[in-house]
Asks: 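Supplied in structure tokens, the structure appears directly below.
Order of the sequence lines fixes the chain letters, A, B, ..., with proteins taken first and strands second; residue numbering starts at 1 for each chain.
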Amino acid sequence: DAKTTQPNSMESNEEEPVHLPCNHSTISGTDYIHWYRQLPSQGPEYVIHGLTSNVNNRMASLAIAEDRKSSTLILHRATLRDAAVYYCILRDVGTYKYIFGTGTRLKVLA
Amino acid sequence: ETGVTQSPTHLIKTRGQQVTLRCSSQSGHNTVSWYQQALGQGPQFIFQYYREEENGRGNFPPRFSGLQFPNYSSELNVNALELDDSALYLCASSPSAGALEYGYTFGSGTRLTVV
């Protein structure tokens with residue numbers, strides 16, 4: 001199973017953009033990149049996913065490197081409600097499971 | 001649309017006992033996965049059910065078992081509870097087992113404490 005590497009923690013000021021990096025140097029051609037976040041006392045929440053092209057939705061943007069060995073989740077304007085653990089996960093077309101790491105704990109400062 | 005609901009929210013059991021956790025999947029979702037999350041760790045995949053059949057399993061012993069019902073709700077059963085089984089148990093549902101264009105909707109989990 002391909003693995004991802006994320007910083008343990010990051011801080012951001014409220015109303016500023018946040019770039020959360022993820023390295024996945026062993027990614028295969030059929031791995032999708034998924035991002036989830038987990039707020040305190042809740043289950044993980046789907047944020048965004050992509051394969052090769054950059055993706056945007058109402059929550060965030062996902063920028064994928066050309067060689068696909070890294071990606072960045074972009075929160076355009078961080079709010080206090082965005083404080084959570086963010087997980088970057090690779091999911092292969094042949095498997096159904098997510099392999100979660102320990103994620104990045106994002107702290108948003110008022 | 002309703003999300004994924006899990007019951008109970010908290011549970012305390014004694015070592016050696018058996019426990020059943022329940023999950024109602026989101027409307028329209030036919031796939032349910034179960035995860036175990038120890039304190040400070042990311043969730044670990046236990047197994048997945050698609051249309052009442054188990055179609056994927058993680059590295060968990062056979063005393064972890066499950067069921068999915070015709071309405072796509074699901075149960076997780078754990079026999080012979082051990083202290084290390086203390087964790088948050090998460091249920092997640094999806095519209096389709098293998099389609100990668102969908103994410104999963106997670107419930108808020110059941111916090112199991114084994115004493």
Side-chain angles (χ1 to χ4, degrees), chain A residues 1-9 20 22 27-53 55 57-60 62 64 68 73 84-106, chain B residues 3-7 9-10 21 23-26 29-51 53-60 66 68 87-111:
Chain A
D1 296 317
K3 296 290 193 290
T4 63
T5 304
Q6 299 177 254
N8 288 333
S9 63
L20 297 164
C22 180
I27 192 170
S28 73
T30 54
D31 282 334
Y32 278 71
I33 302 160
H34 286 238
W35 283 82
Y36 281 77
R37 71 180 185 180
Q38 189 170 20
L39 280 66
S41 302
Q42 294 188 27
E45 174 187 27
Y46 168 81
V47 177
I48 200 166
H49 77 278
L51 182 62
T52 56
S53 304
V55 184
N57 66 20
R58 64 174 181 81
M59 289 181 70
L62 176 60
I64 301 173
R68 301 211 323 126
L73 178 70
V85 177
Y86 286 78
Y87 296 100
C88 167
I89 310 162
L90 299 183
R91 187 167 169 221
D92 183 75
V93 66
T95 66
Y96 307 122
K97 62 183 177 182
Y98 287 119
I99 301 176
F100 287 82
T102 51
T104 296
R105 183 172 297 278
L106 175 66
Chain B
V4 173
T5 57
Q6 294 186 241
S7 62
T9 55
H10 295 82
L21 309 181
C23 171
S24 293
S25 58
Q26 183 168 320
H29 288 190
N30 58 22
T31 302
V32 173
S33 297
W34 285 90
Y35 287 79
Q36 180 196 66
Q37 186 173 25
L39 207 58
Q41 302 296 315
Q44 287 194 60
F45 176 76
I46 302 175
F47 44 56
Q48 175 168 285
Y49 280 82
Y50 171 63
R51 293 187 174 180
E53 297 287 330
E54 183 181 297
N55 72 344
R57 190 175 182 93
N59 295 326
F60 280 81
Q68 186 180 32
L88 180 68
Y89 288 85
L90 295 160
C91 171
S93 71
S94 172
S96 178
L100 297 181
E101 61 265 33
Y102 300 108
Y104 278 70
T105 303
F106 282 80
S108 295
T110 294
R111 173 71 62 187

Asks: Between B/Tyr35 and chain A, which part of the residue has a heavy atom less than 4.5 Å away: side chain, backbone, both or neither?
Replies: side chain

Asks: Among B/Pro43, B/Cys91, B/Gly56, B/Ser33, single out the residue with the greatest number of heavy-atom pairs under 4.5 Å to chain A.
Replies: B/Pro43

Asks: Taking B/Tyr104 as the fixed residue, which of A/Tyr36, A/Tyr98, A/Phe100 is the one that meets the ring pair (Phe, Tyr, Trp, His ring centres under 6.0 Å) rule?
Replies: A/Tyr98

Asks: Please look at B/Gln37 and chain A and tell me whether the side chain, the backbone, both or neither of the residue comes under 4.5 angstrom of a heavy atom of that chain.
Replies: side chain

Asks: Return the minimal non-hydrogen interatomic distance between B/Gly40 and A/Thr102, and the atom names on each side.
Replies: O-CG2, 4.5 Å

Asks: Considering residues, nucleotides and ligands other than A/Arg105, do more than 12 of their heavy atoms fall under 6.0 Å from its CZ?
Replies: no

